[in-house]
There are 2 protein chains.
Amino acid sequence: MKTAENTEKEAAALLKDKKVRPSMIRVKVLKYLLDNRNHPTADRLFSALENEIPTLSRTSIYNTLKTFLDEGIVSEITIEDGNSRYDAFTGKHGHFICEKCGSVCDFDVKCATCAPESLKGYKINQEHVYLRGLCPNCIKSGGDGNEKNFRKKRCKKSS
Amino acid sequence: MKTAENTEKEAAALLKDKKVRPSMIRVKVLKYLLDNRNHPTADRLFSALENEIPTLSRTSIYNTLKTFLDEGIVSEITIEDGNSRYDAFTGKHGHFICEKCGSVCDFDVKCATCAPESLKGYKINQEHVYLRGLCPNCIKSGGDGNEKNFRKKRCKKSS
DNA sequence: CTCCGTTTTTGTATTAATTACAATTTTGTA
DNA sequence: TACAAAATTGTAATTAATACAAAAACGGAG
């Protein structure tokens, strides 16, 4: 069974592997991403960890994420404008966002690659598949998902 | 042959079709999007049109784009964080962004849909496929595209 | 054509995410 | 233990986008 200490060790090992010094913040951020596959924003990560690390600053979260991005430890999900989310899972998968509640979930993409032959002169580094719509919960609770200005306002907290 | 007046009329007709009053700004914004398939940001649209419409304000660009989004006249491309781009072409296609020069181009996606059966309780409204990498021009001009912090800084102008 | 209510456009102020940067603290090692 | 390098922090600045209210343009009824 997976324990908290296990993911902590796993995170540290993963960092050493990538030649990134496993400082406390880095380990805790990566551990959070491994334990909580909820595609958090930088702000959500900060909120989740500020209790554990009382001196934590937002800049450190941004620094950490930048390091992780540079080393390919996490990928950035830009499914929603102006609110980057981060994902530590490397297997190929797509992301769905509910336009009502803002939750993001993974799904398996059917095709191996979406890149066609017409891009043969290009170097492809990343591939992202994003779906937008309504999740089952929000369908149940009403609204057909075609309301105007649905979830257009910025909101800080979303899962 | 396609003339400037033609796309202007085309844009106006498209708007009337969607029950959106074809004001000058709306027609010119839509015309720009139809004439220039370069996936502009709001700011780029503003820069492109401020000469033609001297009283233009950025807010009007945002208002116009919001109306277009609500009516399904354009779609929003969030391939790059913190810089939404807009596209008036409705046929299914993916978007590639060059991590060096920031240019965005279209490509045909190979599979009809990327949504798998596992999402059968969901309502899918939009599907986006984004690729990131290096375009042929930037490959020629050097750099392997794996530089750290490559095009991480915000920059206003990009095509 | 003119009046009047509605829609569109505009300008200013605000919000919120992210970055810049310099100072401080921590870390690894000689 | 001491020192250089790396990590962390706090503050200020930047930027895209939004809120909102005032001004302007529009369109139909009389």
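Because the structure is a prediction, the values reported are computed rather than measured. In what follows, chains are A, B, ... by sequence order, proteins preceding strands, each numbered from 1. Below, all heavy atoms of this structure are taken into account, side chains as well, without hydrogens, waters or symmetry copies.
- For the pair E50(A) CD and dT8(D) C1', the interatomic distance rounds to 16 Å; values are reported in whole Å.
- By the side-chain hydrogen bond (donor to acceptor under 3.5 Å, both in side chains) test, Y122(A) pairs with no residue at all, sequence neighbours left out.
- The aromatic rings of H39(A) and H95(A) stand perpendicular to each other, their planes meeting at an angle above 60°, with 30° marking the opposite boundary.
- Contacts classified as side chain to side chain donor-acceptor pair (under 3.5 Å) and involving residues 14-30 of chain A (residues at least two apart or in different chains) are given here: K28(A)-E52(A).
- The nearest whole Å value for the distance from the CG atom in N63(B) to the P atom in dC20(D) is 13 Å.
- Searching all strands for a Watson-Crick or G-U wobble partner of dA30(C) with both distances below 3.5 Å returns dT1(D).
- Residues meeting the salt bridge (charged side-chain N to carboxylate O under 4.0 Å, His left out) test with E50(A), sequence neighbours left out: none.
- In this structure, the CG atom of L15(B) is 11 Å from the P atom of dT8(C), given to the nearest Å.
- In this structure, L69(B) atom CG and dT18(D) atom P are separated by 10 Å, rounded to whole Å.
- Linking Ile, Leu, Val, Met, Phe, Trp and Tyr residues whenever their side-chain heavy atoms come within less than 4.5 Å places L49(A) and V20(A) in a single cluster.
- Counting to the nearest Å, the P atom of dT15(D) and the CD1 atom of I61(B) are 19 Å from each other.
- Close to dC26(D), at under 4.0 Å from its OP1 or OP2, lies no side-chain N or O of S23(B).
- Per the geometry, CD belonging to E76(A) stands 13 Å off C1' belonging to dT19(C), to the nearest Å.
- In this entry the distance linking NZ of K66(A) with C1' of dT8(D) reads 16 Å, nearest Å.
- As a whole-Å value, the separation of D43(B) CG from dT15(D) P is 10 Å.
- If you check dA17(C), dT9(D), dT9(C) against the side chain of S60(B), the one that comes closest is dT9(C).
- In terms of phosphate contacts, T59(A) brings no side-chain nitrogen or oxygen within less than 4.0 Å of OP1 or OP2 of dT9(D).
- Listed by chain and residue number, nothing satisfies the side-chain contact (heavy atoms from CB on, under 4.5 Å) test with D108(B) (two or more places apart in sequence, or in another chain).
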Polar pairs (N or O, both sides) under 3.5 Å between protein and nucleotides 3-7 of chain C?
none

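- Y62(A) has no side-chain polar atom (N or O) that falls below the 4.0 Å cut-off from OP1 or OP2 of dT19(C).
- Taking N36(A) as the reference, Y32(A), N38(A) meet the side-chain contact (heavy atoms from CB on, under 4.5 Å) condition, with sequence neighbours excluded.
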